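Since this is a predicted model, take the numbers as computed values, not measurements. Just so it is clear, the values below take in all heavy atoms, side chains as well, and ignore hydrogens, waters and symmetry mates. Lettering of chains follows the sequences in order, A, B, ..., and the numbering in each one begins at 1.
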There are 2 protein chains.
Amino acid sequence: MGRVFNFSAGPATLPEPVLEIAQKELLDFKGTGMSVMEISHRSAAFTEVIEKAEADLRSLMNIPDNYKVLFLQGGASSQFAMVPFNLFSSRKKADYINTGQWSKKAIAEGKRYGDVHVVASSDDKMFNYIPEITRDMFDPEADYVHITSNNTIYGTVYPELPDTGDVPLVADMSSNILGQVYDVSKFGVIYAGAQKNVGPAGMAIVIVREDLIGHALEGTPVMFNYEIHANAGSRYNTPPCFAIYMAGKVFEWLLDLGGVSAMEEVNREKASWLYNFLDDSKIFNSTVKGEYRSIMNVPFILPSEELNAKFIKEATEAGLSTLKGHRTVGGMRASIYNAMPPEGVKKLVEFMKKFEVDNS
Amino acid sequence: MGRVFNFSAGPATLPEPVLEIAQKELLDFKGTGMSVMEISHRSAAFTEVIEKAEADLRSLMNIPDNYKVLFLQGGASSQFAMVPFNLFSSRKKADYINTGQWSKKAIAEGKRYGDVHVVASSDDKMFNYIPEITRDMFDPEADYVHITSNNTIYGTVYPELPDTGDVPLVADMSSNILGQVYDVSKFGVIYAGAQKNVGPAGMAIVIVREDLIGHALEGTPVMFNYEIHANAGSRYNTPPCFAIYMAGKVFEWLLDLGGVSAMEEVNREKASWLYNFLDDSKIFNSTVKGEYRSIMNVPFILPSEELNAKFIKEATEAGLSTLKGHRTVGGMRASIYNAMPPEGVKKLVEFMKKFEVDNS
């Protein structure tokens with residue numbers, strides 16, 4: 001079959017031009033006579049790959065010079081421990097905001113290492129909103145405040161960043177990094193698993209302010225210590241070379257398209273087609289209202305399980321793939337990351353319109 | 001340029017047929033209309049990939065049923081901490097054998113978590129041999145004994161496994177897993193970074209006896225706990241899907257060629273061509289003697305730095321790539337893992353012969 005439009009929440013669709021380049025040079029990377037998977041991570045050829053990837057990411061996100069960029073293994077799940085290991089002072093205090101399943105996992109792991117307070121939560125309404133947050137809710141003595149900027153499962157996003165004063169803000173940005181513009185200088189740490197909006201699974205990006213490096217708790221595993229990786233330029237040990245190469249190609253593709261602000265504009269437009277249709281529809285319903293709506297993940301439901309199942313089946317047959325929602329929300333979810341072309345969202349909305357006519 | 005013969009120690013050459021399959025299906029994995037990098041790690045298609053990879057590895061290594069197979073991130077370097085985190089009892093005692101740089105790193109990390117004894121070392125002779133080991137050297141109260149089965153940098157291999165009695169034997173097998181036959185039932189844990197003899201970087205294989213799972217130290221990060229990964233079939237979080245897919249293709253390729261015993265025979269023959277030539281040569285010298293010689297990594301030197309540099313330069317021009325030795329040993333190193341075709345080693349020996357004639 002030809003390529004489908006793939007609405008997977010992650011691992012997610014990748015830009016087709018990036019896959020085509022990777023395919024073309026899979027057995028011979030830039031005339032080396034070797035695959036990029038077969039060259040030493042310390043070779044000149046791979047040094048160029050990783051250094052260009054970092055430079056391009058810095059350019060895309062306008063990352064200030066006093067931040068280190070790390071390409072690590074272990075996904076966001078490893079960061080749930082690495083953040084407390086690296087950011088806890090002797091006080092070992094942190095504030096977390098609970099906006100969904102990934103927040104909960106970060107909280108659970110944080111609690112194993114220190115005094116973690118959940119200062120706000122949206123669990124009373126199945127996480128379909130972002131709680132209101134004011135600066136006085138935070139402990140000024142906390143070592144950091146942790147948020148999940150975009151909630152993949154529930155389709156919510158922080159309409160604005162919480163004001164944490166002098167306490168470093170840490171964000172799990174796995175599902176909207178590079179999908180919308182953020183001011184990196186507002187964060188102590190940004191981390192993100194690659195497999196949604198960056199590249200293939202098996203890599204995490206960590207962007208960390210330099211003053212937060214170098215104070216890891218005693219007993220922090222070498223591989224969980226930001227300082228070790230920062231000092232080694234993400235090559236303390238063999239890094240996930242192919243994932244870094246692919247991410248680098250995605251960064252180049254994004255730069256060619258005008259960078260993150262241009263992409264955010266496209267993403268907002270793509271999302272608006274879906275939300276506008278959902279708001280007008282008599283049978284489809286959006287599960288998130290107003291300003292909390294993610295422009296990356298759009299969950300929606302039909303009035304019955306039968307219709308949900310019918311929709312998913314018929315959409316799949318029409319080349320609109322992986323639309324099943326997460327089991328905790330049910331229904332459908334369209335993940336429309338950077339690599340989802342506008343045509344894919346247009347085709348989905350057209351399909352939904354026709355489905356509504358046929359099933360009303 | 002065409003494909004070269006790539007003697008890199010790791011990331012290392014991959015079987016060309018595997019790269020060709022990966023290239024062919026890079027944009028459309030088995031008619032899904034998606035790349036294997038773009039499908040959910042929980043999808044039916046990827047479930048088949050990971051389950052077949054595990055089944056094939058079990059078949060290749062004849063792994064007993066009371067062992068779990070894990071595909072993890074973080075490389076062997078993460079295992080340096082994961083082994084003590086998971087295997088230490090309240091005694092926190094372990095014996096290590098020091099046979100090179102990777103042993104030293106494992107020892108250093110182990111010492112941070114417990115009472116680690118180095119019972120034998122070959123550091124007196126730049127690790128060019130494996131120390132003699134007898135059972136009475138080990139503490140019968142130790143939680144485990146740790147070895148590095150094959151030493152990539154120095155080109156040494158244990159001629160036989162140490163007898164540790166009832167104490168579980170743990171082996172870092174990064175550079176010779178699947179290159180020669182081992183009886184898995186003799187080990188408590190086998191671990192290996194993938195990027196030498198298995199697949200691309202970004203994955204580690206861990207084979208662990210079931211009774212050693214479930215006793216992790218308090219404070220073990222979730223992502224460092226064997227039990228978590230074993231219970232989740234290596235999918236507690238998003239695994240390194242593409243690396244697992246590639247490793248699976250390598251396993252299929254190995255099975256097609258007759259499995260590990262057939263491959264070991266080929267590897268012994270490939271290595272013998274090199275060692276026989278080195279032993280007969282008047283200008284090339286092997287740095288390892290006798291029974292400790294690795295069949296995976298063959299370091300050798302010429303009488304001067306000038307000749308070493310000349311050899312590497314001319315070999316590279318002749319399509320014999322990445323032969324520079326590790327800085328601690330100097331000279332050259334030919335890594336001749338499973339994926340190095342016999343023709344590559346033949347061509348290298350022919351080239352060495354001609355170099356000797358031209359430079360004597």
Worksheet item: side chain to side chain contact (heavy atoms under 4.5 Å, CB included) between A:M37 and B:L19: does it pass, once the steps are laid out?
Response: CA-CA 10 Å; A:M37 289 180 262; B:L19 287 170; 3.9 Å; yes

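- Neither the backbone nor the side chain of A:M82 comes within less than 4.5 Å of any heavy atom of chain B.
- Only the side chain of A:Q195 comes within contact range of chain B, with at least one heavy atom under 4.5 Å from a heavy atom of that chain.
- In terms of heavy-atom proximity, A:P239 sits nearest to B:A201 at O-CB, 3.3 Å.
- Nearest heavy atoms, B:L27 versus A:E16: CD2-CG, 3.8 Å.
- Looking at A:A243, neither its backbone nor its side chain comes within 4.5 Å of chain B, counting heavy atoms on both sides.
- Residues B:M34 and A:S321 come closest through the heavy atom pair CE-OG, 3.2 Å.
- Within the 4.5 angstrom heavy-atom criterion, only side-chain atoms of A:A81, from C-beta onward, approach chain B.
- No part of A:F5 comes within reach of chain B, as not one of its non-hydrogen atoms sits under 4.5 angstrom from that chain.
- In this structure, chain A has a heavy atom under 4.5 Å from the backbone of B:K24, while its side chain stays farther away.
- For A:F80, no part lies near chain B; criterion is any non-hydrogen pair under 4.5 Å.
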Practice prompt. Please test A:T322 against B:E38 for side chain to side chain contact (heavy atoms under 4.5 Å, CB included), starting from the C-alpha separation and ending with a verdict.
Written response: CA-CA 10 Å; A:T322 331; B:E38 300 177 301; over 6 Å; no

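- For the pair B:F85 and A:G219, the tightest heavy-atom approach, listed with the atom from each and the gap, is CZ-O, 4.4 Å.
- Between A:T220 atom OG1 and B:R112 atom CZ the span is 7.0 Å, to the nearest 0.5 Å.
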